[in-house]
Structures are given as structure tokens and as C-alpha cells.
Amino acid sequence: MRNLIPSYIRVPIVFFIILGLVEYFVDSGDQPAFIKYPVILLFLLLVLLILVAIEAIIGALENVMFQSLTEEAKERFLESKTKVPQFTWIKNTYKKLAGTKPIEAESELILDHNYDGIKELDNSLPPWWIYSFYASIVFAAVYLVNVHILGNNSQFDEYAEEYKQAEISIAEYKKNAKDLVDINTVTQLTDAADLSAGKAIFMQNCVACHMADGGGGIGPNLTDKHWILGGGIKNVFHTITEGGRDGKGMIAWKQNFKPSEIAQVASYVLSLQGTTPANPKEPQGDIIWPDETEETPAVDETKTTEVDSLSTMAATK
């Protein structure tokens, strides 16, 4: 076998096998192990040198031994080097599985049929085909009992399990894919990094109309509770995305920013609620959007009872 594969093929094959084993067993993350760990690169270079040295030593030993042989032994050695292996066992196995007969024995298989000089042979089915057919029968019986009678490994169960895993994967993907957010799924962001990013976009694109402190200029005041198109994260997100009123409102920013960036700006705008700008513009809009975090003041029931009593007394007088 060694005579069939030259050294310039053997060495790379063995080297890449060792390289593959190193990459498999060494945890190096996304980087190749020999890049993340330079010592592994040195090890692989040493392995390559050793493989080349082994081939050189074996070749030198063969030359020395060859020179010490007799002429007859040299001829036998050279003959063995050029001899092609026959792989007899493979050929015998193929003949048994094929079940063919040599052409000399075809006379035993010829039938009496004769079609314009064309004769028919009565060949038996190849053993490999028969064994495969028997194996398929056994497999079908086992499959029938296991799946349809015992109910194991049902395709419906496999589908339900794969569907469940797919739903989990989709939910995890949507959790990390911020740009899938829309008016139905947007939520107010409170993280400092998101608000800082929203502020940067606001300062670059919105201050011309709303002022840096949100007090309003050409555009309305963003710090009061009066809204033209509705307050809250969903309404503000929609207004920034699709624009304001036709002909006199804000332009649509959906072509300029990603949904995640619009969510950041909308969250920053809502964070301006309740602040005191330097020159606040008069409230605009009939929609008053209350702060959902503001608690309704509790009513003192004892005082209410007192007032009602005094009112009753005054009425009787």
C-alpha cells in the first residue's frame, strides 16, 4: 500500500489529519486554534518537520538496503515496487454479490425462446438484490410495529417537537433582532444606552423644529401632555415613522432610520415629558396623554363625608 501512495501525498494527508484533530479537540472559538494559540502553530510545524524527516530516513534506509542486495534480490525488490495489488478479496466479494456466471457457462442459461436470432438467458436475481429485498421486508415490519402499533417516533410527534423548537428559536431571534420592531410590538425603552442613542439622533435631526430641550419651535412642545396625533410610545413611534399631518406636519423618517433607531428617538421624546424647557411653546393638540406612571391621588373619605354632612345641614336650613 505504501508503494501506491507517494511521500508527497502521504505527508500532507497525515499532517491535515493531525491538524483536524487539533482543531476538533482544542476550543478556540471562532478563530483557528493555531492562530489563537501560537504554541499550537509551533507544534504543527514541528509535526510537519518530523513527518518529512521520517520519510527522508525511510527513503535513505531503503537505498542503503537496496545497495546491499544481490542482483536477483534487487530485481525482486524493483518488481515488488512496481507490482499493482489485485485486491482479490474485493473481486471475490463482488462476484458473490453479483451472482453472474462466466460467458463460457451461458449455454446452461439459454432458453428455447428465439427472437430473430436473439436468445434469452435465464439469469437468477443477483444475491445483492435479494438480500436488499429481504432487508427491506424486515425494516418494514420493525417500522410498522414501532411507529404504527407502539406509537414510537411518530412523525406527528416529531413535527410538534420541531415546531415547538422553531417557535423558541423565532422568539429568541426576535428578542435580539431589534429592527423587527413595529407599531404593534414597540415598547418604551428605558436603558441609558438606548436613550443616549435616541438623544443623539434627536439633536442631529429634530432640534430645528422642536428645540434642543423639546420646548418647541416650528414643531409643537414635546414636554407637555398635549398631543396632536396622540402620545405614548406607539403613537409617537407611528408619527415619527409615517410623518405628521399631510401638508403641514413632520416628514416620514422611515426611509432615514431603522425601526430600532426610531424606537430610541420615540423613547427619548417621551423622556422629555414633565421637563421644563427654557421657552416652552403653548400647548397644541386636543389629545391629552396622561403619564401612566402617575398615580391618581387618593380621596380622603372622611373629608368627603364631612362635606356631604355640611351640605345636607345647609339644605335643611
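As the structure is a prediction and not an experimental result, all values here were calculated from the model. We count residues from 1, following the sequence as given.
In Lys199, the NZ atom is not crowded: 12 or fewer heavy atoms of neighbouring residues, nucleotides or ligands sit closer than 6.0 Å. Atom NZ of Lys74 sits in a crowded spot, with more than 12 heavy atoms from other residues, nucleotides or ligands closer than 6.0 Å. By the 6.0 Å contact criterion, CG on Leu125 is enclosed, its count of non-hydrogen atoms from other residues, nucleotides or ligands being greater than 12. With a 6.0 Å radius and a threshold of 12 heavy atoms from other residues, nucleotides or ligands, Asp191 has its CG atom above the threshold. Within 6.0 Å of the CG atom in Asp246, the count of heavy atoms belonging to other residues, nucleotides or ligands does not exceed 12. Annotation for Gln31: atom CD counts as buried by contact number, over 12 foreign heavy atoms lying within 6.0 Å. Atom CD of Glu158 is surrounded by more than 12 heavy atoms from other residues, nucleotides or ligands within 6.0 Å. The number of heavy atoms from other shown groups lying within 6.0 Å of CZ (Phe15) is above 12.
Contact annotation: the side chain of Ser267 approaches that of Leu195 to within less than 4.5 Å [non-hydrogen atoms, C-beta and beyond]. In this structure, Leu46 and Leu42 have side chains that are not in contact, with every pair of non-hydrogen atoms separated by 4.5 Å or more. At a threshold of 4.5 Å between non-hydrogen side-chain atoms, the residues Thr223 and Thr276 do not count as touching. In this structure, the side chains of Trp253 and Thr241 stay at 4.5 Å or more apart for every pair of heavy atoms.
In this structure, Val269 is a member of the same hydrophobic cluster as Ile251, with clusters built from ILVMFWY side-chain heavy atoms closer than 4.5 Å. Residues Leu44 and Ile35 fall within the same hydrophobic cluster, defined by Ile, Leu, Val, Met, Phe, Trp and Tyr side chains chained together at heavy-atom separations under 4.5 Å. A continuous path of Ile, Leu, Val, Met, Phe, Trp and Tyr side chains, each step under 4.5 Å between heavy atoms, connects Val26 with Phe43, placing both in one hydrophobic cluster. Residues Trp128 and Ile130 share a hydrophobic cluster, clusters being chains of Ile/Leu/Val/Met/Phe/Trp/Tyr side chains in contact below 4.5 Å. Under the 4.5 Å side-chain heavy-atom criterion for grouping Ile, Leu, Val, Met, Phe, Trp and Tyr, Ile240 is connected to Leu222 within one hydrophobic cluster.
Atom CZ of residue Phe237 and atom NZ of residue Lys254 lie 11.0 Å apart, to the nearest 0.5 angstrom. Annotation: the span from Thr70 atom OG1 to Glu75 atom CD amounts to 9.0 Å, rounded to 0.5 Å. The line from CD of Gln165 to CD1 of Ile170 is 11.5 Å long, rounded to the nearest 0.5 Å. Note that OH of Tyr143 and CD1 of Ile149 are 12.5 Å apart. Values are rounded to the nearest 0.5 Å. Note that the CD1 atom of Ile57 and the CD atom of Glu62 stand 13.0 Å from one another [nearest 0.5 Å]. Between the CD1 atom in Ile40 and the CZ atom in Phe34 there is a gap of 10.0 Å [rounded to 0.5 Å].
With Ser271 contributing its side chain and Tyr268 its backbone, the two residues share a donor-acceptor pair below 3.5 Å. Judged by distance alone, the side chain of Gln188 and the main-chain N or O of Leu270 form no donor-acceptor pair under 3.5 Å. No donor-acceptor pair under 3.5 Å is formed between the side chain of Asp194 and the backbone N or O of Thr190. Side chain of Ser196 to backbone of Ala192: no donor-acceptor contact under 3.5 angstrom is found. Using modelled atom types, one side-chain atom of Asn205 and one backbone atom of Ile201 make a donor-acceptor pair closer than 3.5 Å. A donor-acceptor pair under 3.5 Å is absent between the side-chain atoms of His226 and the main chain of Gln284, judged by distance alone. Listed for the Gln67 side chain is no donor-acceptor partner under 3.5 Å among the backbone atoms of Val64. Without hydrogens or angle criteria, His238 side chain to Ile183 main chain gives no donor-acceptor distance under 3.5 Å. Remark: the backbone N or O of Ala33 is paired with a side-chain donor or acceptor of Glu23 at under 3.5 angstrom. In terms of modelled atom types and a separation under 3.5 Å, the side chain of Thr185 and the main chain of Val181 share no donor-acceptor contact.
Scanning all heavy atoms of the two residues, the minimum distance from Ala263 to Val186 falls at CB-CG2, 4.0 Å. Contact detail for Phe133 and Ser136: the closest heavy-atom pair is O-OG, 2.5 Å. Annotation for Gln264 and Ala197: closest pair OE1-CB, 3.4 Å, computed over non-hydrogen atoms. The heavy-atom pair separating Asn184 from Lys234 by the smallest distance is O-NZ, 3.1 Å. The minimum heavy-atom distance linking Gly215 with Met211 is given by the pair N-CB, 4.2 Å. Of all the heavy atoms in Leu229 and Arg245, the pair that sits closest is CD2-CG, 4.1 Å.
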Exercise for review: Walk me through it: do Ile287 and Ile228 pass the test side-chain contact (heavy atoms from CB on, under 4.5 Å)?
Suggested key: CA-CA 6 Å; Ile287 302 175; Ile228 298 174; over 6 Å; no
Practice item. With side-chain contact (heavy atoms from CB on, under 4.5 Å) as the test, would you mind laying out the steps for Thr275 and Asp213 before giving the verdict? Key: CA-CA 8 Å; Thr275 60; Asp213 56 7; over 6 Å; no
Point to revise | Glu282/Asn221 under side-chain contact (heavy atoms from CB on, under 4.5 Å): CA gap, chis, key distance, verdict | key: CA-CA 7 Å; Glu282 291 297 324; Asn221 186 349; over 6 Å; no
Review point. Does the pair His210 and Phe202 meet the rule for a side-chain contact (heavy atoms from CB on, under 4.5 Å), with working shown?
Key: CA-CA 9 Å; His210 297 284; Phe202 181 88; 4.0 Å; yes
